[in-house]
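The structure appears right after this line, and notes come after that.
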Amino acid sequence: MTKAIAADHVGSTTAAAGSTSGPTLKRRRTQAESRGRYGWVLLAPFAATFVLFLIVPLAYALWLSLHSRSITGSQNWAGFDNYIRVFSDSSFLGGLGRVLLYGVLQAPIMLVLALVLALMLDAVTTRLSRLSRIVAFMPYAVPAVIGVLMWGFLYSPQLGPASILTALFGDAAPDLLGSNLVLYSLVNIVTWQMTGYNMIIIYAALQGLPREIYEAARIDGAGGWKLATQIKLPLVAPAVVLSTVFTIIATLQLFSEPKVLQSTRPDAVPADFTPNMYAYNQAFAYGQFNYAATISFVLGVVIIIGSYIFLYVTRRRSGLHD
Amino acid sequence: MAVHSSHASRRWLGIGIAALASLGLVACSSSDPGGAAPGDGGDEGGVTTVTLWAWYPEVQQVVDVFNENHDDVQVDLVNAGVGEDAYAKLRTALESGTGAPDVIQMELSELPSFQVMDGLLDIAPHGANDVAGDYPDWVWEQVSQDGAVYAIPVDAGPIASMYRADLYDEYGLEPAQTWDEYRANAQALQAADPDLYISAFQIGNASNLVGLIQQAGGEPYGYDFENPEDVTIDFDNEITRRVLNYWGDLIDEGLVAAQPYHSTEWDNGIATGAYLTTIEAAWRPGYLSNVADSTAGQWRVAPIPQWEEGDDLQGNHGGSTFAVTSQTDSPEASAQVAIEIFGSDEPWEVGIEEAFLFPVYNPVAQSEEFLERPYEFFGGESANEVFVPAAQSVSPLEFTPFDSFAKSTINEQVAAAIAGEQTMDEAAAEIQRILVEYAQSVGMTVTEP
């Protein structure tokens, strides 16, 4: 029943779009042509900067990745040597495995939290809900570096709140930033930071839904729970998919948080902790720009493949197909 | 049809103009002459401005002294971050061919990394060799090669033992003369109070560890500017293993704590007196006096413990220089800044008084006044009576042109050993293996003694 309403709603808009063809077609076409011309003119500044600041650097990075340079600076054609090295580099592969494990934990926890919060905020419209919305979003407004430093203090085994808690039981506090636990601590930090952001995306999608559907569902006897799970959830699925894609990309690019922790915990966060950190260190700490470009390229391809697989799997919910 | 084609050509014309305009804008902004912008060393009305990247505390006051004493050259100070941060920016600037300062503060250990990139200017033609006699030989050897001079030394970090005299008295300890005595002190202290440690090993402080290896007679690297493709790596040897195992055993037996360098835990242990000693460079009191402000006056300095009784072996950690970059537009003025900014007594009043720097400039470093200078942090005693002789006995230490990589490798392997994932012997062997492999991967010929 509820699905039929949604389908009908979508169907009516496509029908409306289809009815625009007919006698006015020719006039529209010439209009479209002249619009197209001006479109190109208006597009030119963007296109030029796009080429200059994205395409050219990408091409340069590709060129770099196909060369190698000795320590004294002579640049040589290397072919795919750098790429072969990346795929047998335990630092790169280890970092990739680490961020995948991190992502498998972090993405579901954060997205479920964001979804639940958004649905709750959407269900109640009191002054408290507005306040809650701001509070939930607030961590995102804290700069990542400040947030990580703050968590660094909270995690401190000697000075943090955990030490007070465990002192009650006479135990030493676990070292939450030690090499065994630091990944999970990062899951917590990023979840704290980003839940509010994803909540806002989903909440905005919820706010954009036509209220008539809710009324229809209520008339059909749907309660709050059914309304949330059977009406709202399927309709905001595209927003959740979008959030997930952003999260996958952010996961594979994980950098700032471990980079900040590294300065105080070099023992737990090595230079090759994540692929992005590894690329950064290769370029800016070791001066290996060619190899850094190769790592970045491979990471970029992994991200594209990962995002594509996810979009393909969820294509029925993403709103991009069907 | 004619109308159409004229439309089309106008369209293309439009696109062309727009594209050119946006390209032109970009081109203008990127080729905007750097005369006004800091970083390129402008020359206006006979006054040459030299851009300087430095992170010494209170360096602005030193720059002010220089600017007051010079009419033709003025220094524009930019804080581009401490150490690695500034190096990352310089590396990027050198790689892209623009954006480097004229003069930069650079640690001794980093000079080969940038010299090999052709990033440093040989300032011998600008009179650098004339001041060679103002500096100790071991330092000058690290900044020069066969008459070429790549930087002017400023400060150094001879290592000594800094300890809490009040707590040493309370527990009946004497500053250790040998590493065996140091271990005995650690045992006595643990027996008296299990919450107290003689010191906390700093995880992730490879530079200090290399200084300790140097003090045991080790020479982990061999490199000279003249043969940039040859390097000697000697990490897996008896001396290194001895030093690593000494600390590893103390940590395993619970006699010495282990905390990450720059961690709140380490700072807290020093501030609260949980760690009674720290064996560190002469520039560290500047930092310690901030961290352990409440215990200022209780600290004293003793010479670093020796491996064999009666020896006088010393180690050095850090110390920096002023180097002129190869991108400078004003080599003469820049060299003058590098040579003169700390090359007289006046700036050193600020450097010593305000910034706790340990000078290598002989006229200051060997003066009676400096030797006898009382330090409040050390209870009004002269710490330099320990540091100055130590600085004179340091042996020259060579560094590789990939020191950042070497340091992170040492840090990671030693941390893994402390965590129990491998033995210290294995750590030494791993460090050797990884460094050799890396050097070969960047096209160097490696000698392993």
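In the text below, chain A, chain B and the rest are named by the order of the sequence lines, each starting its count at 1. Computed over heavy atoms, backbone and side chain alike; hydrogens, waters and symmetry mates excluded.
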Can you tell me which portion of [X] sits under 4.5 Å from chain A's heavy atoms? Options are side chain, backbone, both or neither.
{"X": "B:Glu412", "value": "side chain"}
{"X": "B:Ser408", "value": "side chain"}
{"X": "B:Glu110", "value": "neither"}
{"X": "B:Asn268", "value": "side chain"}
{"X": "B:Phe405", "value": "both"}

Please classify the contact between A:Tyr280 and chain B as side chain, backbone, both or neither, with a heavy-atom cut-off of under 4.5 Å. side chain
The interface call for A:Ala283 against chain B, heavy-atom contacts under 4.5 Å, is backbone
Rounded to the nearest 0.5 angstrom, the CG-CZ distance for B:Leu209 and B:Phe201 is 5.0 Å
Side chains of B:Tyr150 and B:Gln115: donor-acceptor distance under 3.5 Å anywhere?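 A donor-acceptor contact under 3.5 Å links the two side chains.
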Could you tell me if B:Glu265 and A:Ser156 have a donor-acceptor pair between their side chains, going purely by distance under 3.5 Å? yes
Does the A:Arg69 side chain pair with the main chain of A:Asn290, one donor and one acceptor, at a distance under 3.5 Å? no
Determine the interplanar angle of the A:His67 and A:Trp77 rings, folded into 0 to 90°, and report it as parallel if under 30°, tilted if 30 to 60°, perpendicular if over 60°. perpendicular
Looking only at heavy atoms and a cut-off of under 4.5 Å, which of B:Leu90, B:Val116, B:Asn205, B:Leu94 has the most pairs with chain A?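 Most pairs with chain A among the choices: B:Val116.
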